[in-house]
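Below: the structure, in structure tokens.
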Amino acid sequence: MRLLLIEDDLALGASLQKALSQAGFAVEWVRRVADARGFARQGTHDLVLLDIGLPDGSGLDLLREWRTEDATALPVILLTARDSVEDRVGGLDLGADDYVPKPFATTELVSRIHAVLRRRAGFASQRWQAGAVTVDVATRAVTVDAQPVDLSPREFALVLELVRQAGRVVPRHRLERVVFPQVDVPDSNALDVHIHHVRRKLGAERIRTVRGVGFMIAAQ
Ligand code: CA
């Protein structure tokens, strides 16, 4: 598997290149939008890891260019700053396959890469499904048994993360980071309040509590 890493932070780029190589990927690393354009056009990469803030432009502009040229082009995982919820949502709207908020553990990134590649192989769609729950990441429409459900932006972020990792327990801290990106340590009840609202809207049985760990939505 060949990865194209677009990241201007020298320390992060170097450590990612090393860790991902050790995980069995061939990694080409560039630091500027201009260099990334040339590499991506070669069409020899299986997936792109894309930083947003780059010295000569925005990774989101690059993503927009690729998706305009070819909607089914390369799988892209955005590496986003922790506090930029707009960038993440904007990135998904533009057709990013996933995003990983910084800072992240390399093991988590590797599992995301595998998940995206699996998903691309299985269903190359903007509609993610977990049982009766469907999320259209392009339009941000959520349905349960084909019935539309109205969610607040934070509730949507919560559901998106659970569905993205359907069948796996998502740890509380991970959900807190996704739902409250601008808060260092959210109130201990804040996540539970949102879980409560989402259960009410989706059906209480759909979101399982795994005591002491986190929450999970069934894949089937
Ligand atoms: Ca950067």
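Whatever order the structure lists ligands and atoms in, that order sets their numbers, starting from 1. Hydrogens, waters and symmetry mates play no part in the numbers below; they use all other heavy atoms, side chains included. It should be emphasised that the depicted structure is a prediction, and the values quoted were computed from it without experimental measurement.
R31 places a side-chain heavy atom less than 4.5 Å from the side chain of L10.
Take a cut-off of 3.0 Å around the Ca ion (ligand 1): the protein N, O or S atoms inside it are D8 OD1, D51 OD2, G53 O.
Hydrophobic clustering of Ile, Leu, Val, Met, Phe, Trp and Tyr side chains at less than 4.5 Å, counting indirect connections, unites F180 with Y99.
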Pairs under 3.5 angstrom only: tabulate donor-acceptor contacts from the side chains of residues 47-55 to other protein residues two or more places apart or in another chain.
| from | atom 1 | to | atom 2 | distance (Å) |
| --- | --- | --- | --- | --- |
| D51 | OD1 | K102 | NZ | 3.0 |

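Summarising the geometry, atom CG belonging to L5 is positioned 10.5 Å from atom CD belonging to E28; distances are rounded to the nearest 0.5 Å. Distance OG1/T80 to CZ/F104: 9.0 Å, rounded to 0.5 Å.
Judged purely by distance below 3.5 Å, without hydrogens or angles, the side chains of H197 and R200 pair a donor atom with an acceptor atom.
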